[in-house]
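As the structure is a computational prediction, the values presented were derived from the model and not from experiment. Lettering follows sequence order; numbering is per chain, from 1.
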Protein chains: 2
Amino acid sequence: MRQKKPSVGNGTVLERLRASGLRPTRQRLALAKLLFARGHRHASAEQLFNEAKTQRIDVSLATVYNALHDFTAKGLLREISIDSGGSYFDTNTSYHHHFYFERSGRLEDIAGDRIAISALPEAPGGAEISRVDIIIRVNG
Amino acid sequence: MRQKKPSVGNGTVLERLRASGLRPTRQRLALAKLLFARGHRHASAEQLFNEAKTQRIDVSLATVYNALHDFTAKGLLREISIDSGGSYFDTNTSYHHHFYFERSGRLEDIAGDRIAISALPEAPGGAEISRVDIIIRVNG
DNA sequence: AAGAAGATTAGAATGGCTCTAATATACCGT
DNA sequence: ACGGTATATTAGAGCCATTCTAATCTTCTT
């Protein structure tokens, strides 16, 4: 029997981790809460690390990276690299695309059905397509 | 009047640099020749640097980066970042897209007209679209 | 040929990320 | 609940691509 009274949203996050086969450690729970507590977001490792620090969550940078990669491997996050020198992790893992604001470095989701691709070439050499990434760069 | 007999393709490369307003230095000419001598290619800074070394072209790594960025700024190259940790520079600057082979890290061009986008959303806040990048990731 | 603007350079510095290997925690069977 | 084992966390070192610095050299213009 659990002794601690679960705070708001804790249960859901805990279940998500368990369902993915990830041990719900204190750090992973805290980070998952930061990521998934409210609507979708695009977070960098550094950002998440700083948020954790601000909220007095004791977690190392290495653990932030580990958690982000573990979450990604389990399909809880999707990793996006735009320019070399930093990935974002997107909590929206459904089929969709991105606006990239070159000035600010911000990302914004584009719902999957707002871009219609009417011709998609076969992958050469019988390779399997694992993902189609569309990034619309805007200077804003 | 020029004293040196131009070797094959030198003239063209020289003209391209001049036309771009880039001083045709020894290093830039050599690198441009490596890049543009034969059909289109996707080169990393490290790759180009090594090719230069192999051909006894005396050039520093910083200069390779400077040249690649200068060429990109002048529209002679297009920079492509897939995963954080390395850019490629594409000598094909016309409208086209890419296959990315996840296993090998190789890139392959997809002619612009082989992918048809039948709906493209407006950029938010009246921003201008500067580029549309489509990367088809294949596991091959 | 001489001055000014621009380019090159080696090496140091930076930034994002990963590795190491020691310590701590969660899980399972009893 | 207890002990053992697999798994996770950590600080700090290390790595790799890239950029910076500031001294030197080259190209261009006159």
Whole-Å distance separating the [atom1] atom of [X] from the [atom2] atom of [N]:
| X | N | atom1 | atom2 | value |
| --- | --- | --- | --- | --- |
| Asn66(B) | dT27(D) | CG | C1' | 16 Å |
| Gln27(B) | dA7(C) | CD | P | 11 Å |
| Phe49(A) | dT18(C) | CZ | P | 15 Å |
| Asp70(A) | dC17(C) | CG | P | 15 Å |

Which nucleotide wins on minimum distance to the side chain of [X], given the candidates [options]?
| X | options | answer |
| --- | --- | --- |
| Thr63(A) | dT18(D), dT10(D), dT27(D) | dT10(D) |
| Pro24(A) | dT26(D), dC27(C), dT9(C) | dC27(C) |
| Arg23(B) | dA5(C), dT18(D), dT9(C) | dA5(C) |
| Arg28(A) | dA10(C), dC28(D), dT9(D) | dT9(D) |
| Val59(B) | dC17(C), dA17(D), dT9(C) | dT9(C) |

Using the rule given for side chain to side chain donor-acceptor pair (under 3.5 Å), can you reason through His98(B) versus Asp133(B), listing the C-alpha separation, both sets of side-chain angles and the distance that settles it, and then say yes or no?
CA-CA 8 Å; His98(B) 294 97; Asp133(B) 286 343; over 6 Å; no
Give a yes or no on whether the ring-centroid distance for His97(A) and Tyr95(A) is below 6.0 angstrom.
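Yes, close enough.
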Using C1' atoms of five pairs at each end, report the bend of the helix from dA1(C)-dT30(D) to dT30(C)-dA1(D) rounded to 10 degrees.
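Here the helix ends are tilted 40° relative to one another.
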Categorize [X] for me: base, sugar-phosphate, or nothing, with a 4.0 angstrom heavy-atom threshold over every strand shown.
| X | answer |
| --- | --- |
| Leu61(A) | nothing |
| Ser87(A) | sugar-phosphate |
| Asp58(B) | sugar-phosphate |
| Thr25(B) | sugar-phosphate |

